[in-house]
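Have a look at the structure below before the remarks.
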Amino acid sequence: MTQFVSKDELRARFCAALSAMYRSEVPLYGDLIELVDDVNAETEAKPEDRLKVERHGAIRLGKPEELVMISRLFGQMGMEPVGYYDLSTSGVPVHATAFRPVTAEALAINPFRVFTSLLLPSLLPDDLRAEAQAILAGRDIFHPRVRDLVSKSEIEGGLNEVDANELVEKSLETFKWHDSALVSRDVYNRLHEAHTLVADIVAFRGPHINHLTPRVLDIDAAQEGMSARGITPKQIIEGPPRRNCDILLRQTSFQALTEPIRFPGDAPGAAASGSHRARFGEIEQRGCALTRKGHNLYLDLLSRTAPAIDNAHHQHNLAEAFKSFPDSYAEMVEQDLAYVEYKLVGPQPTSPTPLSELIKAGTVALSPITYEDFLPASAAGIFQSNLNESDRSRSASPAAGEATREYFSSLLPMPLRDSFALHEEIQKRSLTKLEAELGYAL
Ligand code: OOG
Ligand code: NI
C-alpha cells in the first residue's frame, strides 16, 4: 500500500515553499512579516488564531485553459473555488474566485487560499485583443511535470512522498517572478497603455504571485507601524471599522515595488532596460462571517460612509456609519446578521427551553465563525492602490454575459461553491450537535 501525502499536508508544504520563495524574491515582504510578528506578540492570541502561516496569496491568469489547470492543481491541495468577484465594475479588467479549503477541519490544518483573477478579454482595446490573445495562446505557465503529477494524483487518489515534493517544487515555477518580459518593449508599452494589469497579465511567462498575506491581530497598529519601518502603506485600511466584535475582513498592503525588467533582444549583461510594478505585501484581520442580511447591511453602511482624506479620518467616518451595526454576538445573532457556533457551556436545562433563552441565561455560548472569503470593494481597493490614474479612470463594460458568475463557473472543471452556504453549514453543524447534547430539537 502506498502512503499518500494528504491534500491538507500538500497545501501546507506548498504554502511554506511559496512563502520562502516570495521572501527571497521580495525582501520588503520579509520586513512586513517581522512587523506582523511583533504586533502579534503584543496582542493577545488564542490558540485557534493560526498565526505564522500565510492566509492568502493572489495570481492573475490570462486565459480559461490556465484557470482549468490551476483548478486541478489547487484541487489536489484541497482548495476549491469559492465565490465570484466581478472587478470590472471598479475599472479592473478581471473577474475572480478564491481557491480555498472548505471545511473547518481543513482550514484549521492550514488556511492557505489563492485569490485567482482571470482577464476579461472584452475589456481589451479592439486593436490589441487578437494580439494579446495570441501571446497568451502561445504560453504554457505550467511545468510539464505539474501536468503529469496532477493527472496521476487525480487518477490514483493522491501522491506519494516523492511525487508530492516534486509537485510542490515544480509548481513554484508557475508562481515565480520573471525579470524578463515575454514580449518586446513595444508590445509591453502598448499593453501597459491599455491597462497596467493587462501588461502584468499578458507580458510575462507566468502569473507571478503578486502578494502574500499573513494574519495580523491588530491591523491598526500594523498600519501605523509600517511607515516607521520604511514600508509605504496604501492610504486606507479596507473593510469595516475596528469593533469589539470584528466582522468580515480588514486589509491593508504596502505599495507595489518598481522592479527592473528586461526585454527580448536586450544585450546580455546590460542593465535592465525597463521596469514593472506588480508585487507587494498585504496583511489581513478577519472577523465574524455575516449572513446575506448582515452582508447587505455592511454594504449599505459602507456606501453611506463619508469620503475621507486619510486613514484616520476614514476610520472615524466608518465608525460613525457603523454605529447602527450591533456590536455584540448576541445582538447580531438575534437580528440574523452573523454566523456563529453554539456551544453548551452551562448546566442542562430541566425542560426544553428555546435557544434565545439558553443564550440569555448563558447556558449556550456563541463563538463567531470566521469569515473565510474576500470583499469585492476591498479587493478593488487593493488592486487600485497599485494602478495609475489613467487606469482608474477607465470605465468600459465587459461583453454581455462575460463577467457573470454563470460564465465563470462554466469555465471551471468543478462546482463553484457559495460562501454563504459554507459558513452557514458550520453554524448548522454546531446547532445539530447542540440539539443532540440537549436531547431535543431547537
Ligand atoms: C488581488 C487583489 C485582491 C484581496 O486580498 O482582496 C486580494 C490582486 O491584486 O491580484 O488579494
Ligand atoms: Ni490579497
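In this text, all values refer to a predicted model and were calculated from it rather than measured experimentally. Each residue takes its place number in the sequence, starting with 1. Counting convention: from 1, in listed order, for ligands and their atoms alike.
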Atom indices of ligand 1, in the order listed, that fall short of 4.0 Å to a heavy atom of N210: 8 (C), 9 (O), 10 (O)
Those atoms of ligand 1 less than 4.0 Å from some heavy atom in H211: 1 (C), 7 (C), 11 (O)
F374 six-ring centre to R286 NZ/CZ under 6.0 Å and within 45° of normal: yes
Heavy atom of the protein closest to atom 2 (C) of ligand 1 (residue, atom name, distance): F383 CE1, 3.6 Å
Heavy atom of the protein closest to atom 4 (C) of ligand 1 (residue, atom name, distance): Q251 NE2, 3.2 Å
Residue portion contacting ligand 1 (non-hydrogen atoms closer than 4.0 Å) for E282: side chain
Non-neighbouring partners of F14 that pass ring pair (Phe, Tyr, Trp, His ring centres under 6.0 Å), sequence neighbours left out: F175
N, O or S from E282 under 2.8 Å to the Ni ion (ligand 2): yes
Protein residue, atom and distance nearest to atom 3 (C) of ligand 1, heavy-atom basis: A379 CB, 3.6 Å
Within-shell test, E238 vs ligand 1, heavy atom, strictly < 4.0 Å: no
Identity and distance of the protein heavy atom lying nearest atom 10 (O) of ligand 1: R60 NE, 2.8 Å
Side chains of D310 and H313 in contact at under 4.5 Å (non-hydrogen atoms): yes
